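Just so you know, ligand 1 is whichever comes first in the structure, and atom 1 is the first atom listed for that ligand. Worth saying up front: this structure is predicted, and the values here are computed from it rather than measured. Counting from 1, the numbers follow the sequence of the chain as shown. Scope of the values below: all heavy atoms of this structure, side chains included, with no hydrogens, waters or symmetry mates.
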Amino acid sequence: MNKESFNWEYAPAPEAKDHAKIKKQYDLFINGQWVKPSGKKYFDTINPANEEKLSEVAEANEKDVNLAVNSARNAYNKVWKKMPAAERAKYIFRIARMIQERSRELAVIESMDGGKPIRESRDFDIPLAANHFFYYAGWADKLEYAFPGKKPNSLGVAAQIVPWNFPLLMAAWKIAPALATGNTVVLKPAETTPLTALKLAEIIQESGLPDGVVNIITGFGNTGAAMVNHPDVNKIAFTGSTDVGKIIQKAVAGSNKKVTLELGGKAANIVFDDAPINQAVEGIVNGIFFNQGHVCCAGSRLFVQENVAEEVISKLKSRMETLIVGDPLDKNTDIGAINSKEQLEKIKSYLTIGQEEGLELYQSSCLIPGKGYFCKPSLFIGAAQSNRVVQEEIFGPVLTIQTFRTIEEVIEKANNIPYGLSAGVWTDKGSKIFNLTSQLRAGVVWANTYNKFDPTSPFGGYKESGFGREGGLHGLAPYLSF
Ligand code: NDP
């Protein structure tokens, strides 16, 4: 294909947003009611694609956290713990169906608040969030079959803290198994993406779930810290940065609290010379540019076997030229807005660091909007293990490329990193896949595909990527004692 054939013009295909109802101000959702924050403080949530204010949300302080935990405790003791499991399941099924019914509105708000392309929020985040509720609703009255020979018991109150990259989906990952196992919840969304969690609070209120079973409070890091430190919390489920994960780990040391930490990653995506190259190039693109690279399991370190490196890099560059960066609400958009100004600055600082380390930076020639936070898809070619851009999580659309000759070499390089969340392998040989899946120190290894998720399969990391599993049968255990 010559270069001209890529010069397609796409007419704008904007998704309507008039149906998405965003209130001017949101209070805290505690005990089934909307409650004003005791400190009377609110903060803005903005659209990262145009920097316009969407709404303002309450800032919960320690007093509010206490109120939310007490409400969860009351609901646990008085209602939820005593309710037959099959009855609990009905509420969870109802929440799943209501998410489906309101999926269009949720998708639009997710894209407006977080910057991700509507295609992804519509086809990935929201359907998968509903699926998690469906899946765990099914387990609620079958826990004794899930753990044969054991007597599973709920823990009590779960404090759940989620990040900004998959706001509603992460809330679903956390709330659905907690409810199915008979626990009650206090959840905090990230400060830059609170809106779909607050919409979920509306759904929960409408679903008739007993008051206090799920409480959703907004705020900053100190709100999260107050949740973690609250003495009446039995379980902490956290997804976010490794730095905050370490703080939480220290804070709960010596307490009886159960913890799961899903932290950062720096996954190796490995392409062998016998791989279907065109398919692998699609997998590389999906691995690093999906959700602007704001993905803990992003395939951010590409390893290509030396004899096909030239071909892979050339095809990858051509494919990058076709990626559309821009308005998240346009259905043609492949790469939306970077979630926040701070995150864009962090990514830009790594683009500088990589160049200062002597690496060749390649960016696609696309135009990016003048307003809002955007970043061109970027490659660092000729990277080495010691480069900071290889070792540190960038959390943006930036891929490093290294080459390798032997299978032993690539296993050594792939594992030589503080993280261990995920990896990808591209090869024609099943035996090679099995060899790598057993030797790569990563919680998830995808073979000839990437970024595939399903509520039935467990997800989680090794080393500094955290511990505990979410999803599947494994995702029930952290919410139970035996
Ligand atoms: P954080 O870990 O700071 O945020 C994750 C969640 O934890 C948010 O809800 C945050 O609240 C809350 N939080 C912050 N401080 C505390 C604390 N001391 N105790 C309890 N909860 C707390 O991630 P950032 O948003 O700051 O992102 C920084 C980097 O982390 C990114 O650049 C990326 O590399 C990585 N990251 C990894 C993610 C993953 O899925 N593995 C997800 C998100 C980020 P608030 O938003 O109000 O600060």
Side-chain angles (χ1 to χ4, degrees), residues 41 43-45 48 57-62 65 113-116 125 159-167 169-171 173-174 186-197 216-230 233 236-252 257 259-267 290-298 300 338-350 373 375 388-389 391-398 418-422 443-444 451 453 459-461 463-468 470:
K41 285 192 192 155
F43 61 96
D44 292 349
T45 183
V57 302
E59 183 186 334
N61 61 19
E62 243 175 80
V65 169
D113 204 21
K116 62 175 68 203
D125 293 65
Q160 308 185 317
I161 300 166
V162 296
W164 41 260
N165 51 348
F166 295 96
L169 182 58
M170 288 301 108
W173 275 33
K174 303 255 180 294
V186 178
L187 176 121
K188 187 191 97 64
E191 67 195 58
T192 60
T193 54
L195 292 183
T196 46
I216 297 184
I217 57 174
T218 43
F220 299 101
N222 48 0
T223 310
M227 289 164 65
V228 167
N229 293 323
H230 197 290
V233 158
I236 295 158
F238 173 80
T239 300
S241 60
T242 297
D243 288 347
V244 174
K246 286 179 181 171
I247 295 173
I248 292 176
Q249 180 78 324
K250 277 190 198 141
V252 300
K257 294 172 187 169
V259 184
T260 38
L261 299 176
E262 202 270 89
L263 309 175
K266 192 80 186 178
F290 175 60
N291 199 28
Q292 297 72 247
H294 301 328
V295 185
C296 45
C297 53
S300 49
I338 298 301
N339 185 265
S340 64
K341 193 161 180 248
E342 294 71 42
Q343 190 60 24
L344 181 60
E345 270 157 19
K346 180 178 170 190
I347 296 166
K348 282 184 176 164
S349 78
Y350 275 106
Y373 315 131
C375 179
R388 279 185 64 191
V389 287
Q391 290 292 324
E392 296 171 21
E393 188 182 44
I394 301 174
F395 226 60
V398 184
Y419 298 107
L421 192 56
S422 58
V444 180
N451 273 338
F453 290 91
F459 183 86
K463 302 193 280 187
E464 293 205 0
S465 293
F467 52 79
E470 294 186 304

Worksheet entry | Any donor-acceptor N or O pair under 3.5 Å, side chains Asp113, Thr45 |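 Yes, Thr45 and Asp113 have a side-chain donor paired with an acceptor closer than 3.5 Å.
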Worksheet item: Should Trp164 and His294 count as side-chain neighbours, where that means a heavy-atom distance under 4.5 Å?
Response: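 Trp164 reaches His294 side chain to side chain.
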Fill in: Under 4.0 Å from ligand 1, counting heavy atoms only: the protein residues, by chain and number
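For ligand 1, the contacting residues are Ile161, Val162, Pro163, Trp164, Asn165, Lys188, Pro189, Ala190, Glu191, Gly219, Phe220, Gly221, Gly224, Ala225, Phe238, Thr239, Gly240, Ser241, Val244, Leu263, Gly264, Cys296, Gln343, Lys346, Glu393, Phe395.
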Fill in: salt bridge (charged side-chain N to carboxylate O under 4.0 Å, His left out) against Lys246, all qualifying residues, sequence neighbours excluded
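Partners of Lys246 under the salt bridge (charged side-chain N to carboxylate O under 4.0 Å, His left out) test: Glu464.
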Practice prompt. For residues Trp173 and Phe166, establish whether the separation of their ring centroids is below 6.0 Å.
Written response: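 No; Phe166 has its ring centre 6.0 Å or more from that of Trp173.
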Worksheet item: For the atom pair CD (Gln343) and OH (Tyr373), what is the distance rounded to the nearest 0.5 Å?
Response: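 It comes to 12.5 Å.
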Item to complete: Without swapping roles, check the side chain of Lys174 against the backbone of Val162 for a donor-acceptor pair under 3.5 Å.
Response: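 Absent.
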